[in-house]
Asker: 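One structure, as structure tokens, below. Some questions next.
As the structure lists them, so they are numbered: ligands from 1, and atoms in each ligand from 1. Because the structure is a prediction, the values reported are computed rather than measured.
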Amino acid sequence: MVALRILGIVLLVLLQRDADSACPEELNPLSLEPPRIVEEYGMEVKVNCTSTFEDHDMIYWRVGNKSFPPVVDEMFVDQSVLLSDWNVGAECKIKLNDSHECSKELEITVYKNPEVISSVKFVQATPEETRYELKCDVVNVAPVQNLTVRFYKNDQLNGTSSFNDTTKTPVNETSVLTFNISTGREEVRIRCEAQLDLGPGGPQLPVISKTYNVSAHYAPELKNDTEDIFLLEDDDVTLTCEAEGNPLPVFHWTYNGVAMLESASSLNITRVNDSATYTCTATNDVGNTSKQFHVHVIKMSMEVAPAAMPTPEAATPPADDCPLTMTPSEIVVRFGDPASVNCSTSATDAVGMGWEAPVGGTGFKSPPVVTWNVEQLKDFTVPSCYISLNVLDEHGNTKQCQKSPNVTLYKTPDTVSVSAVHPGPMVEGTDYQLKCDISSVAPAGSLTVKWYRGNETVFADRIVSSIKTPQDVSSKLNITTKREYNGSIFRCKAELQLGPNGPEFPPSETSAPYTAVVHYKPFIKACPSNIARVEHKFSMDKLPCPAEGNPPPTVQWFYEDKQISSSKPLRRSDSGKYTAVVQNSLGSSNFSVQITVEYEPFFDCNKTYEVEVNAILQTKCEPKGLPVPTLAWFKDGKSMDSSQHWKKHDSGKYLLRATNKHGQAEHTMHVDILYAPEFKEGNSTKEVTLGENVTLDCSAEGNPSPVISWKFSSVANVKEATERRQITITVTEATSTTSVFSCVATNKVGTVTRSVTLQMKDKSSGIPMPVVVGLLIILVIIIILLLLVLLKQQKKKGQYNFVPDSAKDGSSVPMTTISEGVTA
Ligand SMILES: *[C@@H]1O[C@H](CO)[C@@H](O)[C@H](O)[C@H]1NC(C)=O
Ligand SMILES: *[C@@H]1O[C@H](CO)[C@@H](O)[C@H](O)[C@H]1NC(C)=O
Ligand SMILES: *[C@@H]1O[C@H](CO)[C@@H](O)[C@H](O)[C@H]1NC(C)=O
Ligand SMILES: *[C@@H]1O[C@H](CO)[C@@H](O)[C@H](O)[C@H]1NC(C)=O
Ligand SMILES: *[C@@H]1O[C@H](CO)[C@@H](O)[C@H](O)[C@H]1NC(C)=O
Ligand SMILES: *[C@@H]1O[C@H](CO)[C@@H](O)[C@H](O)[C@H]1NC(C)=O
Ligand SMILES: *[C@@H]1O[C@H](CO)[C@@H](O)[C@H](O)[C@H]1NC(C)=O
Ligand SMILES: *[C@@H]1O[C@H](CO)[C@@H](O)[C@H](O)[C@H]1NC(C)=O
Ligand SMILES: *[C@@H]1O[C@H](CO)[C@@H](O)[C@H](O)[C@H]1NC(C)=O
Ligand SMILES: *[C@@H]1O[C@H](CO)[C@@H](O)[C@H](O)[C@H]1NC(C)=O
Ligand SMILES: *[C@@H]1O[C@H](CO)[C@@H](O)[C@H](O)[C@H]1NC(C)=O
Ligand SMILES: *[C@@H]1O[C@H](CO)[C@@H](O)[C@H](O)[C@H]1NC(C)=O
């Protein structure tokens with residue numbers, strides 16, 4: 001108490017010192033019990049507020065806007081709070097003196113556990129998976145920020161949602177999760193849970209949605225897609241389309257392609273009279289699938305004549321007159337199995353009764369019941385039950401009557417075997433019969449014989465017979481043979497159809513397989529009409545389409561009307577049309593194919609080629625090969641442009657490379673560029689004086705080197721001199737006034753001519769040569785004299801030396817063009 005008082009004083013001092021500040025938490029004398037409330041909406045809770053400080057003016061509660069009556073002398077005050085307001089606030093207050101108050105607020109969480117309304121929606125299906133959406137509506141939940149929605153797939157968490165909304169009032173929230181269910185038949189359980197996580201005092205259990213079982217959608221699937229059904233005329237049949245699918249498929253039927261109205265998975269057909277094809281199509285949102293029923297109606301053929309057989313009924317009065325009851329009235333017994341029938345009477349005036357039978361007869365017994373019992377029934381005689389009545393007939397005899405139960409004693413065949421009706425192999429296209437022999441079967445009239453080729457039912461036959469005892473019967477199968485039947489296995493199955501009292505599965509016996517041998521004409525299966533192959537690697541027996549036939553045919557190949565060995569590899573020269581004659585005992589057929597023998601490139605070329613200048617880049621050297629090779633030129637290791645033209649100086653060594661898909665070949669050769677002769681100079685005219693000696697040169701360049709000759713009118717004073725590629729002619733003492741000299745240069749590419757015209761200087765107008773010389777000498781002397789005079793005047797200045805120039809006579813006219821050496 002003292003301690004508390006001291007604390008109170010300290011507190012007061014502190015508060016007075018700092019009058020404006022709020023009550024500090026560490027000094028707050030109030031504590032609440034419980035300090036925190038988590039409670040559902042609408043509940044009422046009680047809270048205690050206790051003070052550690054005695055000297056207060058009062059303690060009181062304030063809930064919402066309302067203050068409750070204070071207590072003055074107590075250390076605590078309790079209060080009940082009704083949680084009917086989502087935002088309710090409550091605080092406990094203490095008044096320490098006139099100016100100071102402390103308060104403590106109660107933490108309240110008002111919650112509302114939600115309801116969950118869920119639904120699942122199919123979204124989409126692919127072959128791999130199906131998508132569903134699970135939608136969970138969480139209704140009326142508060143506070144939503146503490147809500148977690150969890151989604152589960154097969155009880156495993158597969159997604160959560162939480163909410164940030166800070167509202168305290170109830171809200172509705174929707175969460176959706178997509179589930180991908182992979183394709184398969186398993187069902188998957190999906191659900192969602194809404195959980196308020198509020199800690200102690202709050203709801204601990206989640207609100208759980210409905211669990212949905214979903215599975216992947218898949219297209220309808222049928223067990224078999226075709227079924228052959230053999231029926232007798234006027235039979236009824238139910239066609240069943242057993243399709244599985246999710247969602248369950250809807251069905252549509254067609255009859256010979258015409259739509260029917262029926263939409264169930266099975267179709268009842270009554271009194272069938274014609275063969276037809278019924279198709280059922282099962283459809284759902286993922287896909288559809290169809291099944292065909294080939295209904296074959298078998299028109300009956302009498303194969304075994306019904307033999308007259310005395311039946312017990314024939315000798316007895318109408319059954320109705322005879323007061324006997326058989327239990328059971330009808331039995332079906334396997335040969336050698338036990339049999340038992342009770343015969344009872346309701347007649348009161350019966351004297352005695354009994355069974356008459358080869359085995360199990362009873363003798364005359366007292367009514368009302370006698371039993372026929374056989375441990376191993378092997379006798380086909382039908383037993384009969386008789387009764388003697390205490391009534392006299394018109395002859396005064398005791399009236400007797402009898403009745404027989406309907407006993408079917410059946411025996412499965414001893415053997416079932418297939419054989420050919422006619423000997424020898426079957427031949428394609430001919431009709432043929434197989435026979436199914438069934439020995440010792442009873443009753444033959446219940447027998448259906450089914451024929452199979454491979455695993456396919458091809459025919460069914462109902463044996464007609466009224467004989468009850470074991471007998472041998474047979475069924476025949478007509479086939480029009482096809483070559484595909486070669487090697488096919490045929491079987492027949494004898495099946496006893498014994499009606500509703502018979503065994504659940506009709507007893508049957510299947511024959512051993514019969515392998516058909518079908519002979520057919522030889523032929524060559526679809527073969528291309530053109531075939532290209534590489535030489536040495538192909539021979540006709542390697543043709544990708546071998547001959548077929550049974551018996552295996554012989555094949556003879558012909559090329560250019562000659563028979564060839566089919567194993568001989570073809571060479572490059574062997575391209576052409578090949579004809580095969582394939583033959584077996586049934587016939588022969590012809591077949592032709594165009595063979596192209598291809599080979600790698602090669603060169604068959606000379607070492608040297610001559611080409612004319614300006615021709616395009618090619619020579620007569622063409623590579624051989626099939627397909628035609630492409631050609632590339634190289635000079636000094638460099639590839640050349642094939643559109644280039646030969647130039648004068650291109651003579652040299654070249655490499656050719658030929659390529660096709662089978663290989664490559666190279667050839668090196670020398671190319672010599674030929675060009676016509678060319679003169680360096682053109683035509684010219686030369687003036688000469690009479691009697692002068694003239695030398696004329698002529699040379700020309702060309703490849704091959706040209707032959708040069710001079711042409712002129714034959715005059716005595718011309719001399720020819722040959723010197724390498726140059727011919728010089730010398731005209732001594734030219735006389736005639738004008739003469740034309742033609743120089744002709746020729747090689748195998750061409751011929752060129754140039755002319756030199758020699759013209760005499762005119763005599764009248766011209767001054768004769770000696771006169772000219774004389775005049776020139778005089779002129780020179782005059783000039784020298786003049787120079788001497790001039791020199792004398794200038795002697796003081798220097799001395800000059802004169803060296804006379806040797807004058808040319810000008811008679812030799814140079815006309816030479818030196819031919820440049822042609823590289824060879
Ligand atoms: C409040 O305190 C009183 C007296 O100490 C006690 O009886 C009561 O149970 C308390 N109530 C609560 C809700 O704690
Ligand atoms: C939900 O399930 C799918 C398939 O099972 C899985 O791939 C996915 O990771 C799961 N998601 C979560 C959050 O567990
Ligand atoms: C909720 O709050 C978290 C963290 O504050 C934030 O990452 C998230 O995006 C919010 N979600 C929504 C839907 O606002
Ligand atoms: C939530 O859904 C319920 C039922 O559908 C409805 O009555 C209520 O008004 C909704 N509340 C809000 C906040 O929308
Ligand atoms: C409820 O939600 C609020 C706000 O998200 C959070 O602070 C508080 O811890 C939550 N309460 C519990 C018990 O998880
Ligand atoms: C369907 O086919 C299976 C084998 O694929 C076969 O065993 C079965 O007998 C057939 N059913 C019918 C009705 O044809
Ligand atoms: C077909 O006949 C059977 C009885 O023989 C019957 O149960 C079934 O409903 C019939 N189906 C249709 C589609 O009529
Ligand atoms: C015996 O039963 C078969 C099959 O139910 C029937 O076809 C035959 O008519 C019956 N015979 C007699 C004599 O009732
Ligand atoms: C029949 O056999 C063939 C090959 O042996 C097989 O491909 C086919 O599916 C079989 N048909 C039926 C209906 O069983
Ligand atoms: C089979 O062929 C024979 C004659 O070739 C014919 O008489 C018989 O009717 C045919 N049978 C069937 C079922 O077509
Ligand atoms: C090779 O040269 C000879 C003689 O010069 C000629 O007869 C032959 O045609 C040439 N061969 C080729 C492929 O040009
Ligand atoms: C040169 O003369 C020859 C023959 O006299 C003649 O064929 C040729 O055309 C002449 N050439 C020129 C360029 O005149």
Side-chain angles (χ1 to χ4, degrees), residues 41 85-87 110-120 123-126 128-145 147-184 186-196 207 209 211-216 676-686 696-700 706 708-713 727 729 738-746 750-759 815 817:
Y41 179 76
D85 179 352
W86 296 101
N87 289 303
V110 185
Y111 72 86
K112 170 78 183 69
N113 222 12
E115 273 177 73
V116 175
I117 299 167
S118 61
S119 61
V120 69
V123 181
Q124 185 193 358
T126 65
E128 293 80 36
E129 58 181 20
T130 302
R131 184 168 296 174
Y132 288 97
E133 252 175 32
L134 178 60
K135 182 173 144 210
C136 287
D137 289 307
V138 182
V139 180
N140 278 332
V141 64
V144 71
Q145 67 265 34
L147 173 71
T148 306
V149 177
R150 297 186 174 85
F151 289 89
Y152 291 87
K153 180 174 177 183
N154 283 341
D155 300 322
Q156 293 210 315
L157 186 63
N158 202 249
T160 56
S161 298
S162 51
F163 307 88
N164 285 1
D165 193 350
T166 54
T167 180
K168 289 186 174 176
T169 54
V171 295
N172 296 340
E173 289 288 356
T174 298
S175 288
V176 178
L177 189 70
T178 302
F179 289 90
N180 291 327
I181 312 293
S182 38
T183 298
E186 294 85 41
E187 284 198 330
V188 172
R189 295 183 307 281
I190 57 175
R191 67 183 155 90
C192 64
E193 292 181 0
Q195 167 97 62
L196 274 175
V207 183
S209 81
T211 298
Y212 296 90
N213 289 330
V214 293
S215 52
E678 288 166 13
F679 295 111
K680 272 263 169 77
E681 288 172 28
N683 295 345
S684 61
T685 303
K686 178 112 207 81
L696 300 179
D697 289 343
C698 183
S699 70
I708 297 169
S709 60
W710 281 101
K711 278 190 195 151
F712 44 87
S713 46
I727 301 178
I729 53 173
T738 305
S739 48
V740 177
F741 291 82
S742 296
C743 176
V744 180
T746 304
T751 298
V752 286
T753 308
R754 68 175 286 262
S755 62
V756 181
T757 309
L758 288 189
Q759 207 162 32
M815 295 172 72
T817 63

Asker: Compile the protein residues with any heavy atom at a distance under 4.0 Å from an atom of ligand 12; present them by chain, then by number.
Answerer: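 Under the 4.0 Å cut-off, ligand 12 touches N683, S755.
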Asker: Using a 4.0 Å cutoff against the non-hydrogen atoms of L157, which atoms of ligand 2 qualify?
Answerer: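 Numbered from 1, ligand 2 contributes 14 (O).
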Asker: I'd like to check the side-chain contact (heavy atoms from CB on, under 4.5 Å) partners of A216; sequence neighbours left out, ordered by chain and number.
Answerer: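 Applying side-chain contact (heavy atoms from CB on, under 4.5 Å) to A216 gives T130, I181, T183.
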Asker: Report the part of Q156 in contact with ligand 2, treating N, CA, C, O as backbone and CB onward as side chain, heavy atoms under 4.0 Å; options are side chain, backbone, both, neither.
Answerer: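 It is neither part, as no heavy atom is under 4.0 Å.
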Asker: Would you check the N or O atoms of N172, main chain and side chain alike, for any that come under 3.5 Å of an N or O of ligand 4?
Answerer: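 Such a contact does occur with ligand 4.
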Asker: Could you go through residues 188-195 and list every donor-acceptor pair under 3.5 Å that involves a side-chain atom there, pairing it with any protein atom two or more places apart or in another chain?
Answerer:
{"from": "R189", "atom 1": "NH2", "to": "D155", "atom 2": "OD2", "distance (Å)": "3.1"}
{"from": "R191", "atom 1": "NH1", "to": "E193", "atom 2": "OE2", "distance (Å)": "2.5"}
{"from": "R191", "atom 1": "NH2", "to": "D155", "atom 2": "OD1", "distance (Å)": "3.0"}
{"from": "Q195", "atom 1": "NE2", "to": "Q204", "atom 2": "O", "distance (Å)": "3.3"}

Asker: Taking R150 for the side chain and L157 for the main chain, is one N or O donor matched with an acceptor at less than 3.5 Å?
Answerer: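 No, because the side chain of R150 does not come within donor-acceptor range (under 3.5 Å) of the backbone of L157.
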Asker: R131 and side-chain hydrogen bond (donor to acceptor under 3.5 Å, both in side chains): which single residue from N180, T178, T126 fits?
Answerer: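 Exactly one candidate clears the test, N180.
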Asker: Could you measure the distance from the CZ atom of F151 to the CG atom of L134? Nearest 0.5 Å is fine.
Answerer: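 Here the rounded value is 5.5 Å.
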Asker: I'd like to know whether the aromatic ring centres of F179 and Y132 sit less than 6.0 Å apart in this structure.
Answerer: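 Aromatic pair excluded; centres sit 6.0 Å or further apart.
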Asker: Could you tell me which residues satisfy side-chain contact (heavy atoms from CB on, under 4.5 Å) with K135, sequence neighbours excluded, listed by chain and number?
Answerer: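 Once residues adjacent in sequence are excluded, the partners of K135 under the side-chain contact (heavy atoms from CB on, under 4.5 Å) criterion are S119, D137, T174, V176.
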